[in-house]
Amino acid sequence: MIDFKQLAEKYQTPLYVYDFDSMRTQYTSLKSAFKGRKSILAYAVKANSNLSVVKHFAQLGAGADCVSIGEVRRAFLAGIPKYKIIFSGVGKRDDEIREALERDILYINIESEAELARVEMIAKELDVQARISIRVNPNIDPKTHPYISTGLHDNKFGVDLNTAKRLYIVANNSEHLDPVGIHSHIGSQLTDIKPIREASEIVADLVRSLSAVGIELKFFDIGGGLGVRYDNEETIDPYDYAQAILSTLSGLELTVIGEPGRYLSANAGYFLTKVLYEKKNGDKRFVVVDGAMNDLLRPSLYNAYHKIDALDKEGDETPADIVGPVCESGDFLAKNYLLPKMEHNDLLVIHSAGAYGFGMGSNYNTRGRSAEVAVENGQDRMIRRRETFEDIIALEKEFAE
Ligand code: LLP
């Protein structure tokens with residue numbers, strides 16, 4: 001059990017706390033679900049990009065799925081071997097493509113015909129052969145929140161099947177391109193296995209039809225998306241997830257690549273915030289806390305539910321909106337959440353904050369970002385210090401003097 005009270009005292013609030021043991025358990029459960037098949041779990045760095053978190057996964061043997069050259073650099077710094085690093089994303093700048101090629105990562109995920117041409121051009125300039133995979137958009141509804149659904153033609157991601165096939169042929173005929181993989185990622189927080197199996201089937205069929213024309217791929221990248229329990233959702237067992245994918249790959253000698261983010265880190269993370277005041281506007285009850293949308297954006301952006309514990313509090317519970325100090329009506333961590341009467345300095349523990357929590361934070365309202373703490377084998381340690389006012393203005397100050 002993590003002693004949140006003691007951590008809040010030691011490091012102050014608002015504070016992110018990550019259970020590194022739980023991250024390890026999640027990694028191992030998913031990795032072992034694929035046993036019997038060559039696989040790489042390329043951790044989706046965007047989910048929680050703290051260097052110590054990425055390093056933790058690196059030490060477990062993970063690769064990295066990156067969506068900016070910044071994330072690629074983090075992966076290198078964290079010690080992830082270059083042959084396990086993937087660079088994805090719908091809009092990569094030339095300098096990012098160049099650096100990815102110079103760093104000789106596993107492959108670049110191509111998201112459009114124009115991007116393929118760009119990568120070919122840059123590879124030619126550098127006189128290298130760019131290993132690529134193409135992100136296929138299988139036009140499947142993953143049945144998740146529309147903001148995190150990515151596998152429909154309505155979404156900006158990937159290319160349709162016919163385009164993909166054509167691009168593989170182009171790449172295969174190019175001196176500077178080496179098509180090694182195929183990629184699809186239909187969405188995040190998936191709790192229904194059917195669309196996953198369907199997408200995998202569609203992509204596996206494409207692999208077979210490419211093989212028929214002499215294009216042999218090595219990597220089958222199924223993206224991320226495995227959902228977790230925030231409330232009482234039914235989630236997919238990692239073993240069933242792996243089976244659903246592997247069952248579509250019979251006869252294909254491919255290394256499976258997964259890009260899990262949330263599954264590895266969401267439920268290992270907690271956001272700690274302290275109560276400042278209670279207030280009422282008419283009949284409406286508000287609990288004002290020191291954490292805000294700039295720390296944890298998911299409730300404001302997706303209306304996401306996070307379970308919240310009021311530590312050591314008892315008594316009659318009534319609904320309250322838990323709100324932060326930011327000047328936005330959308331600044332809330334929960335709406336109509338049942339809480340006992342709260343007092344100044346009471347501690348709230350917000351669960352499932354280990355993925356897309358800190359990383360989506362900002363300095364809005366000139367609020368310094370929280371500190372981050374790791375707990376491993378009963379020991380806690382700071383993995384990012386709290387931002388100070390000086391940190392926040394450091395890049396502006398000299399221009400205003
Ligand atoms: N691979 C690709 C290509 C992705 O776009 C993503 C997530 C992942 C892997 C990792 O997906 P995961 O296993 O974490 O579901 N901010 C949102 C989630 C955005 C996900 C973006 N892409 C949230 O807080 O729910």
Side-chain angles (χ1 to χ4, degrees), residues 1-23 26 46-50 52-53 56 188-189 228-231 261-277 286-313 320-326 328 330-335 337-339 342 345-365 367-376 380-387:
M1 262 313 275
I2 300 177
D3 187 344
F4 293 114
K5 260 212 146 121
Q6 186 245 330
L7 293 177
E9 253 160 54
K10 183 166 169 187
Y11 299 101
Q12 306 301 305
T13 56
L15 181 72
Y16 273 96
V17 176
Y18 308 125
D19 179 347
F20 272 31
D21 300 317
S22 156
M23 288 181 181
Q26 292 298 99
K46 64 175 90 71
N48 185 329
S49 51
N50 182 290
S52 300
V53 170
H56 185 47
S188 194
Q189 183 53 13
V228 302
R229 186 165 292 154
Y230 284 92
D231 189 4
R262 191 188 317 263
Y263 180 81
L264 299 185
S265 63
N267 281 333
Y270 303 86
F271 179 60
L272 274 47
T273 181
K274 269 192 179 158
V275 173
L276 298 173
Y277 321 103
F286 295 95
V287 173
V288 185
V289 296
D290 64 0
M293 66 187 291
N294 78 295
D295 300 296
L296 180 61
L297 184 62
R298 304 193 71 255
S300 304
L301 189 58
Y302 314 115
N303 216 4
Y305 171 89
H306 286 256
K307 183 172 163 257
I308 300 178
D309 284 335
L311 277 201
D312 300 336
K313 295 301 278 189
D321 283 8
I322 303 173
V323 300
V326 164
E328 300 271 349
D331 176 27
F332 60 88
L333 299 174
K335 290 233 166 188
Y337 207 92
L338 286 176
L339 284 180
M342 303 297 290
N345 278 342
D346 281 344
L347 187 61
L348 292 178
V349 178
I350 303 187
H351 290 245
S352 312
Y356 309 109
F358 183 94
M360 289 174 76
S362 73
N363 289 127
Y364 189 38
N365 283 198
R367 288 169 52 86
R369 270 171 288 206
S370 325
E372 298 179 283
V373 164
V375 179
E376 190 171 14
D380 54 86
R381 64 178 197 274
M382 179 126 80
I383 56 173
R384 192 183 207 270
R385 71 161 168 77
R386 186 173 299 287
E387 275 177 0

Rounded distance [0.5 Å steps], CD in Gln12 versus CG in Leu272: 11.5 Å

Sequence-distant partners of Asp380, salt bridge (Lys or Arg N to Asp or Glu O under 4.0 Å), two or more places apart: Lys10

Interatomic distance, Met293 atom CE to Leu333 atom CG [nearest 0.5 angstrom]: 10.0 Å

Pairwise side-chain contact, Val53 with Phe20, heavy-atom cut-off 4.5 Å (strictly under): yes

N/O donor-acceptor pair under 3.5 Å between Tyr356 side chain and Leu297 backbone: no

Non-hydrogen side-chain atoms of Arg229 and Ser352 separated by less than 4.5 Å: no

side-chain contact (heavy atoms from CB on, under 4.5 Å) involving Asp231 - partner list, sequence neighbours excluded: Glu233, Tyr305

Which residues share a side-chain contact (heavy atoms from CB on, under 4.5 Å) with Asn345, sequence neighbours left out: Lys274

Non-neighbouring partners of Arg384 that pass side chain to side chain donor-acceptor pair (under 3.5 Å), sequence neighbours left out: Glu387

Non-hydrogen side-chain atoms of Ile383 and Tyr18 separated by less than 4.5 Å: yes

Nearest-0.5 Å distance, CG of residue Leu15 to CZ of residue Phe358: 10.5 Å

With sequence neighbours excluded, residues passing side chain to side chain donor-acceptor pair (under 3.5 Å) with Lys335: none

Non-hydrogen side-chain atoms of Val323 and Asp331 separated by less than 4.5 Å: no

Heavy-atom closest contact (Met23 atom, Ala268 atom, distance): CG-CB, 3.6 Å

Reported CD-to-OG distance for the pair Glu328 and Ser300, which is rounded to 0.5 angstrom: 8.5 Å

Pairing residues for Lys313 by the salt bridge (Lys or Arg N to Asp or Glu O under 4.0 Å) criterion, not counting sequence neighbours: Glu343, Asp346

Phe271 side chain near Ser370 side chain, heavy-atom distance below 4.5 Å: yes

Pairwise distance CG(Leu7) to CD1(Ile2) - rounded to 0.5 angstrom: 7.0 Å

Minimum-distance pair of heavy atoms, taken over all atoms of Asn48 and Ser265: CB-OG, 4.1 Å

Residue list, salt bridge (Lys or Arg N to Asp or Glu O under 4.0 Å) with Lys46, at least two apart or on another chain: Asp65

Distance (rounded to the nearest 0.5 Å) between Ile308 CD1 and Leu338 CG: 11.0 Å

4.5 Å side-chain heavy-atom contact, Val289 and Met342: no

Leu296 side chain near Thr273 side chain, heavy-atom distance below 4.5 Å: no

Under the salt bridge (Lys or Arg N to Asp or Glu O under 4.0 Å) test, residues paired with Asp21 that sit two or more places apart: Arg24

Min side-chain heavy-atom separation Asn294-Asn365 under 4.5 Å: no

Qualifying residues under ring-ring contact (aromatic ring centres under 6.0 Å, His included), relative to Tyr270, sequence neighbours excluded: Phe4, His351

Residues which pass side-chain contact (heavy atoms from CB on, under 4.5 Å) with Glu9, listed by chain and number, not counting sequence neighbours: none

Minimum heavy-atom distance Ala292-Val326, with the two atoms named: CB-CG2, 3.7 Å

Those residues that, when tested against Arg385, pass side-chain contact (heavy atoms from CB on, under 4.5 Å) (two or more places apart): Met382, Thr388, Asp391

Atom of Arg367, atom of Pro325 and distance for their closest heavy-atom approach: NH1-CG, 3.4 Å

Any residue meeting ring-ring contact (aromatic ring centres under 6.0 Å, His included) with Tyr230, in chain and number order, not counting sequence neighbours: His306

Any donor-acceptor pair under 3.5 Å from Arg386 side chain to Pro14 backbone: yes

Working for side-chain contact (heavy atoms from CB on, under 4.5 Å), residues Phe332 and Asn303: CA-CA 9 Å; Phe332 60 88; Asn303 216 4; 3.9 Å; yes

Tyr11 side chain to Val373 backbone, donor-acceptor under 3.5 Å: no

